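Encoded as structure tokens, the structure appears first; notes follow it.
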Amino acid sequence: MLQDMLTVKITPTSHSLLESVDWNNLPFGKIFSDHMLVMEYADGAWQQPEILPFGNISIHPATSAIHYGQSIFEGMKANKTEAGDVLIFRPDMNAKRFIESSERMCMPIIPEEMFIELVRKLVEVDKDWIPNREGFSLYIRPFLFATDEFIGIKPSETYKFMIFTCPVGAYYSEPVNVKIEEFYTRASVGGVGRAKTAGNYGASLYPAKQGQMKGFHQLVWTDGKEHKYIEESGTMNIVFVINGTLVTPSEESDTILRGVTKRSVVEIAKSWGIPVEERKVTVEEIVTAAKNGSLQEAFGAGTAATIASIAKIGYRDEILELPPVETHTISIKIRTYLDDLKAGKVEDAFGWCLKV
Ligand code: COI
């Protein structure tokens, strides 16, 4: 099967937009590279993948993903080393999560090896789109959606898998202010919180907008039952540093997305001998720690967000100010190390980077 997938049909663009890119102005997710990968699922099997010039796709009004939300996606990044090699960061982790999301959403699986190979092929074709600037990357967006033209509720029998890429800078250009959400719920036990499915993001928009109107960049989601435990933030997982210990909600619960960046942070911290606690984290302990000064740092961890320092946490009518972000030494050190690792500036001690 993989043998067939290795022969991706490539139709190169006849008018590259590369020359028109303003590399000093790369708004996140608005500039698209020249090509995209498309692979259909039909008759119970994946069909021949193709790399085509990036462009619009045409879909039937009854396309089932639009109506019933069978739609999942991933996000990962590629960087170029000083020597010009291209590195993709931990695509195996995204491939595994894509499989988990597919299973939960009743969609066909793309085997890990095949997923990685398709990502690799597209990045190879558009490698000139990888920004050469520090802090910038090529964001890779694989996604899968149901394409049956049918108004009835059942798993689709046909699907479209696609990948496109975007040269990007930081998702957040400044430290973020987050608000602990105690009314709205992102995910509940037995739901789809662990899946990277489109509806989770659609459902978060209204609550996030309420928070944004109060000056917060994002919410910190709490558990759907008691709103007592911290889960994750809107676009990233969340990590705290309390008295020198890295504390983060454990991913045991099926309500939390298993973040690749968060996992990397935990593995790096452990390898450096920093104490790490992955466990249930109560809102109360974070509020207490912020008030008594033992909360030294808080940050978001995500592919798009990378390591996003948190400056303020809103809790009910209070604003909990964290120490100035320049003093967040653990997260700064982890961010620098991760950036260097992705750009091939330090030895890949964990074997996380795939060379294209
Ligand atoms: C990512 O970090 O890749 C995500 O999917 C989050 C999205 C807000 C861009």
Side-chain angles (χ1 to χ4, degrees), residues 2-13 16-19 21 23 26 28-39 46 48-55 57 72-99 110-144 160-171 196 260-261 264 302-304 306 338-345 348 350-356:
L2 187 63
Q3 242 6 66
D4 295 341
M5 293 304 130
L6 292 175
T7 57
V8 178
K9 185 177 171 219
I10 302 177
T11 310
T13 182
S16 169
L17 293 178
L18 197 53
E19 292 305 315
V21 176
W23 296 98
L26 289 176
F28 190 96
K30 290 190 176 171
I31 315 278
F32 301 93
S33 315
D34 278 335
H35 299 90
M36 60 188 186
L37 182 138
V38 184
M39 179 171 74
W46 291 108
Q48 193 64 42
E50 277 192 69
I51 290 178
L52 304 164
F54 183 85
I57 54 171
I72 62 169
F73 70 99
E74 269 306 323
M76 64 191 97
K77 279 180 175 167
N79 288 283
K80 225 178 242 174
T81 68
E82 264 167 27
D85 290 330
V86 173
L87 303 177
I88 305 177
F89 188 68
R90 305 194 82 174
D92 54 317
M93 297 281 281
N94 297 88
K96 289 186 179 83
R97 191 168 65 184
F98 204 65
I99 290 175
I110 300 183
E112 181 177 330
E113 241 183 305
M114 189 198 290
F115 179 94
I116 295 172
E117 183 53 19
L118 296 175
V119 168
R120 204 191 62 75
K121 277 253 152 63
L122 183 66
V123 171
E124 193 171 37
V125 168
D126 274 340
K127 62 178 183 300
D128 292 342
W129 284 80
I130 303 175
N132 276 319
R133 291 176 59 194
E134 209 172 306
F136 290 75
S137 309
L138 188 72
Y139 183 82
I140 306 163
R141 171 52 63 91
F143 58 109
L144 173 66
K160 196 186 275 286
F161 173 67
M162 297 184 68
I163 315 175
F164 61 73
T165 66
C166 304
V168 298
Y171 191 79
K196 204 160 172 64
V260 178
T261 307
S264 308
T303 297
T306 66
L338 263 176
D339 285 350
D340 287 351
L341 195 68
K342 291 179 192 168
K345 288 187 184 162
D348 185 9
F350 297 93
W352 284 345
C353 296
L354 173 83
K355 197 163 155 181
V356 170

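Predicted, not measured: the structure shown is a model, and the values here were computed from it. FYI, the numbering just counts along the sequence from 1.
Between F350 and S264, every side-chain heavy-atom pair lies at or beyond the 4.5 Å cut-off. In this structure, the side chains of V119 and F115 come closer than 4.5 Å at one or more pairs of heavy atoms. Counting heavy atoms from C-beta outward, P167 and F136 have side chains that stay 4.5 Å or more apart. With a 4.5 Å cut-off on side-chain heavy atoms, T261 and T303 count as touching.
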Criterion side-chain contact (heavy atoms from CB on, under 4.5 Å) on I110 and W46, from CA distance to verdict: CA-CA 8 Å; I110 300 183; W46 291 108; 3.3 Å; yes
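No side-chain donor-acceptor contact under 3.5 Å links N94 to the backbone of M76. In terms of modelled atom types and a separation under 3.5 Å, the side chain of K342 and the main chain of L87 share no donor-acceptor contact. Listed for the H35 side chain is a donor-acceptor partner under 3.5 Å among the backbone atoms of T13. With hydrogens and angles disregarded, no donor-acceptor distance shorter than 3.5 Å links the side chain of K127 to the backbone of K80. Remark: the backbone N or O of T165 is paired with a side-chain donor or acceptor of S33 at under 3.5 angstrom. Remark: the backbone N or O of W23 is paired with a side-chain donor or acceptor of R133 at under 3.5 angstrom.
Summarising the geometry, atom CZ belonging to R141 is positioned 14.0 Å from atom CG belonging to L122; distances are rounded to the nearest 0.5 Å. Rounded to the nearest 0.5 Å, atoms SG (C166) and CG (D126) are 10.5 Å apart. Here the CG-CE distance, from L52 to M36, works out to 5.5 Å after rounding to the nearest 0.5 Å. The OG1 atom of T81 lies 12.5 Å from the CG atom of D340; values are rounded to the nearest 0.5 Å. Taken to the nearest 0.5 Å, the CG atom of N79 stands 10.0 Å off from the CG atom of L341. Summarising the geometry, atom CD belonging to E134 is positioned 3.5 Å from atom NZ belonging to K345; distances are rounded to the nearest 0.5 Å.
The ring-ring contact (aromatic ring centres under 6.0 Å, His included) test with F164 singles out one residue from F32, F73, W129, and that residue is F32. Here the options are L118, I163, D34, L37, the test is side-chain contact (heavy atoms from CB on, under 4.5 Å), and the partner is I51; only L37 passes. Checking D92, I116, V86 one by one against L354, the side-chain contact (heavy atoms from CB on, under 4.5 Å) holds for a single residue, I116.
Between V168 and K77, the closest heavy-atom pair is CG2-CE, 4.1 Å. The minimum heavy-atom distance between P131 and L138, with the atom names listed, is CD-N, 3.9 Å. The heavy-atom pair separating K160 from M162 by the smallest distance is CD-SD, 3.7 Å. Across all their heavy atoms, A95 and E112 have their closest contact at CB-CG, 3.6 Å. Taking each heavy atom of F28 and G169 in turn, the nearest pair found is CD1-O, 3.7 Å. Between V123 and A78, the closest heavy-atom pair is CG1-CB, 4.1 Å.
Ring centroids of Y139 and Y171 are separated by 6.0 Å or more, keeping the two rings apart.
Between K196 and E74 no salt bridge is recorded (no basic side-chain N to carboxylate O distance below 4.0 Å). Looking at E117 and R120, a side-chain N of the basic residue comes within less than 4.0 Å of a carboxylate O on the acidic one, giving a salt bridge.
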